[in-house]
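So the structure is just underneath, and the comments pick up after that.
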Amino acid sequence: MAATPVMTPLQSVIGSPNRPLPEAISSESVIEIWGGEPLSGHIPVSGAKNSALVVLGGTLLCSETCRVRNIPDLMDIGRMAEVLLALGLKVNRAGHMLDVDASHVSHSKAPYDIVSKLRASFFVIGPLLARLGVARVPLPGGCAIGARPVALHIRGLQALGAQVHMDHGVVHAYVPGARGKLKGAKIYLDYPSVGATETLMMAATLAEGETVIENAAQEPEVVDLANFCIAMGAKIRGAGTNTIIITGVPSLHATDYSIIPDRIEAGTYLVAGALTKSEITVGPVDPSHLTPLLAKLRETGSKVEIEENMNIRISPGEKIASVDVQTLPYPGFPTDMQAQFMALLTLADGNSIVTETVFENRLQHVAEFNRMGADIKLKGDCAVIRGVSHLSGAPVTGSDLRASAALAIAGLAAKGKTTLHGLHHLDRGYERFEEKLRNVGAKLRRIPLSEVDSAAQPTIGAEN
Ligand code: UD1
């Protein structure tokens, strides 16, 4: 019989000596990468960050204790746990497992200092409103990859019967009437927003009657959240298609649920293999979640094989062929893989065009790739990439999480040393990044910024 895990209560705030998650300290550090080392072996994949974040928010729907497994140890997860603690929930942790006891929700207001740093924490507005009939959540604000509004979340909640107004930057939502119950409705999303689909699906689980979300997001993380809610007793059909039907139930019950593997982390390491012309395996991951990326990797000439135990093997072709890519909502090519795939195309034989259609400001890494010797021109939402024979190591700064990962894997293929700054982005979304890469032969290390040769520090690409 398996031993009973020792759970540790999370009571601290980020920055305190007992900070809950993660273990990595990213501020004032850099990663130095010496390129040119071939990789070989297996890279393990953690639980999906974007699923884990929203599933943790979803625990608010249940007045019993839910156990969630395969939670990655990341800064963003720590922040989401902080939000739950601030709302009065009890959170216990043992390794990658969290127990969340939402029997008592003492506050309906999420704290500004965390919501402003973690957009996904805004998504608690749906479960809070469904559970308490009232929610107050600060607007998440702008971020490095675009304005990222929440109008679709709010319009959907209004369709479910909530009154919503803005006051001093805080979204106040409440359900009028003594019972404080949302009412099922037909909601058409102007755009298949992942966050709006998740907010509304969670809110509808406890609403009276049936809700239909049309033009819903179809991302695997939406399906994971639906499966978590179904495991708690929710009635949801159609998750993974563009129409989700939710029949409200009076209450949800405890469950024990495991988060799916992170398709974006897996994809990042597969591209690292292709970039360094190495043969590696990556997993576990559901290959069907990576269909567009695997198709594009094959188009560039990489050999991609699906193995047993949910592993994917990548091995190099003769050359890297140029390809065009356009980001789209799932099942299109993911915006969260755009920067990493662009890193690969910088070394392609010929010209490629990458078009970003999901976010309006997500090509800021182009300037940093060019600093490494890439030849990329920006034309609106398009990056025109002329393949070069090699990249050169340079000091660089990622403008967001995926841009940081892309620059790091570009550094693995570059000649000489790359110094990656701004690690607070990377630590938001990649668990044990350096360790996982070192284990397959990469040469990289994290050092304090104070130990970096000042002449090698970057002059652009600072925090925005
Ligand atoms: C989620 C993911 C993020 C991924 C993105 C797109 C999480 C925690 N994050 O973000 O990693 O890059 O999906 O796959 O799951 N929009 C509106 N109005 C709204 C909501 C969104 O105009 O009310 C727009 C956004 O500005 C953006 C587009 O819709 O241009 C897609 O955003 P959305 O799908 O909502 O992304 P997130 O849920 O924020």
Side-chain angles (χ1 to χ4, degrees), residues 47-58 71-72 74-77 79-80 83 114-115 117-126 137 139-159 164 166 171 187-203 213 215-226 228 242 259-260 262-265 267-268 289-290 292-293 326-341 355-363 381 399-406 425 428-430:
K49 170 182 81 79
N50 288 350
S51 276
L53 286 172
V54 72
V55 163
L56 287 182
I71 297 266
L74 299 169
M75 191 99 80
D76 273 5
I77 297 292
R79 289 188 175 133
M80 190 52 130
V83 172
I114 305 173
V115 179
K117 291 193 195 91
L118 175 64
R119 175 181 163 81
S121 60
F122 181 82
F123 305 171
V124 298
I125 194 166
V137 185
L139 274 174
C143 82
I145 59 173
R148 302 184 85 175
V150 289
L152 295 173
H153 302 239
I154 291 173
R155 254 187 272 150
L157 292 174
Q158 286 170 329
V164 185
M166 215 77 71
V171 179
I187 302 166
Y188 173 80
L189 295 177
D190 291 346
Y191 186 90
S193 154
V194 175
T197 303
E198 292 170 340
T199 292
L200 300 173
M201 190 167 71
M202 288 190 281
I213 307 175
N215 199 26
Q218 302 173 47
E219 269 70 0
E221 294 76 20
V222 172
V223 179
D224 207 24
L225 174 66
F228 169 68
N242 63 4
I259 298 293
I260 57 169
D262 196 312
R263 65 191 167 108
I264 305 299
E265 187 198 19
T268 302
H289 294 169
L290 283 163
L293 174 69
Q326 184 178 28
T327 65
L328 286 168
Y330 193 88
F333 190 92
T335 176
D336 285 352
M337 280 304 304
Q338 179 255 105
Q340 303 89 311
F341 201 73
T355 310
E356 172 59 53
T357 76
V358 178
F359 290 110
E360 77 269 25
N361 195 18
R362 206 175 195 182
L363 290 167
D381 294 340
S399 46
D400 67 53
L401 166 59
R402 305 304 170 185
S404 299
H425 288 308
R428 282 186 42 222
Y430 288 88

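Just so you know, ligand 1 is whichever comes first in the structure, and atom 1 is the first atom listed for that ligand. Remember, it's a predicted structure, so these values are computed and weren't measured experimentally. We're numbering straight along the sequence, starting at 1.
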Atoms of ligand 1 less than 4.0 Å from [X] heavy atoms?
X	value
Ala120	8 (C)
Gly195	35 (O), 38 (O)
Asp336	3 (C), 4 (C), 11 (O), 12 (O)
His153	23 (O)

Between [X] and ligand 1, is there a nitrogen or oxygen pair with a distance under 3.5 Å?
X	value
Val194	yes
Glu360	no
Val358	yes
Glu198	no
Ala196	no
Asn50	yes
Phe359	no
Leu152	yes

Tell me which part of [X] gets within contact of ligand 1: side chain, backbone, both or neither, using heavy atoms under 4.0 Å.
X	answer
Ile264	neither
Thr335	side chain
Arg362	side chain

Min heavy-atom dist [X] to ligand 1 below 4.0 Å:
X	value
Phe123	yes
Glu221	no
Pro149	yes

Q) Is there a side-chain contact between Leu53 and Ile77 (heavy atoms, below 4.5 Å)? A)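 Yes, close enough: below the 4.5 Å cut-off.
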Q) Can you check whether Glu221 reaches Arg263 side chain to side chain, under 4.5 Å on heavy atoms? A)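 Side chain of Glu221 against side chain of Arg263, heavy atoms only: contact under 4.5 Å found.
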(Q) List the residues meeting side chain to side chain contact (heavy atoms under 4.5 Å, CB included) with Pro292, not counting sequence neighbours, and say none if there are none. (A)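 Residues passing side chain to side chain contact (heavy atoms under 4.5 Å, CB included) with Pro292: Phe333, Pro334.
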Q) Going by distance alone, is a donor N or O of one side chain under 3.5 Å from an acceptor N or O of the other, for Thr327 and Glu356? A)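 Short answer, yes.
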Q.
We want to know whether Thr335 and Arg362 form a side-chain donor-acceptor pair, criterion being a heavy-atom distance below 3.5 angstrom.
A.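 Yes, Arg362 and Thr335 have a side-chain donor paired with an acceptor closer than 3.5 Å.
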Q | Output field: ring centroids His289/Tyr330 closer than 6.0 Å | A |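 No, they do not, as the ring centres are separated by 6.0 Å or more.
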Q: With sequence neighbours left out, write down each residue that passes salt bridge (Lys or Arg N to Asp or Glu O under 4.0 Å) with Arg402, or none if nothing qualifies.
A: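 Salt bridge (Lys or Arg N to Asp or Glu O under 4.0 Å) list for Arg402, sorted by chain: empty.
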Q. Any donor and acceptor pair, going by atom type alone, linking the side chain of Gln340 with main-chain N or O of Ala406 inside 3.5 Å?
A.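 No, the answer is negative, given that no donor and acceptor are paired below the 3.5 Å cut-off.
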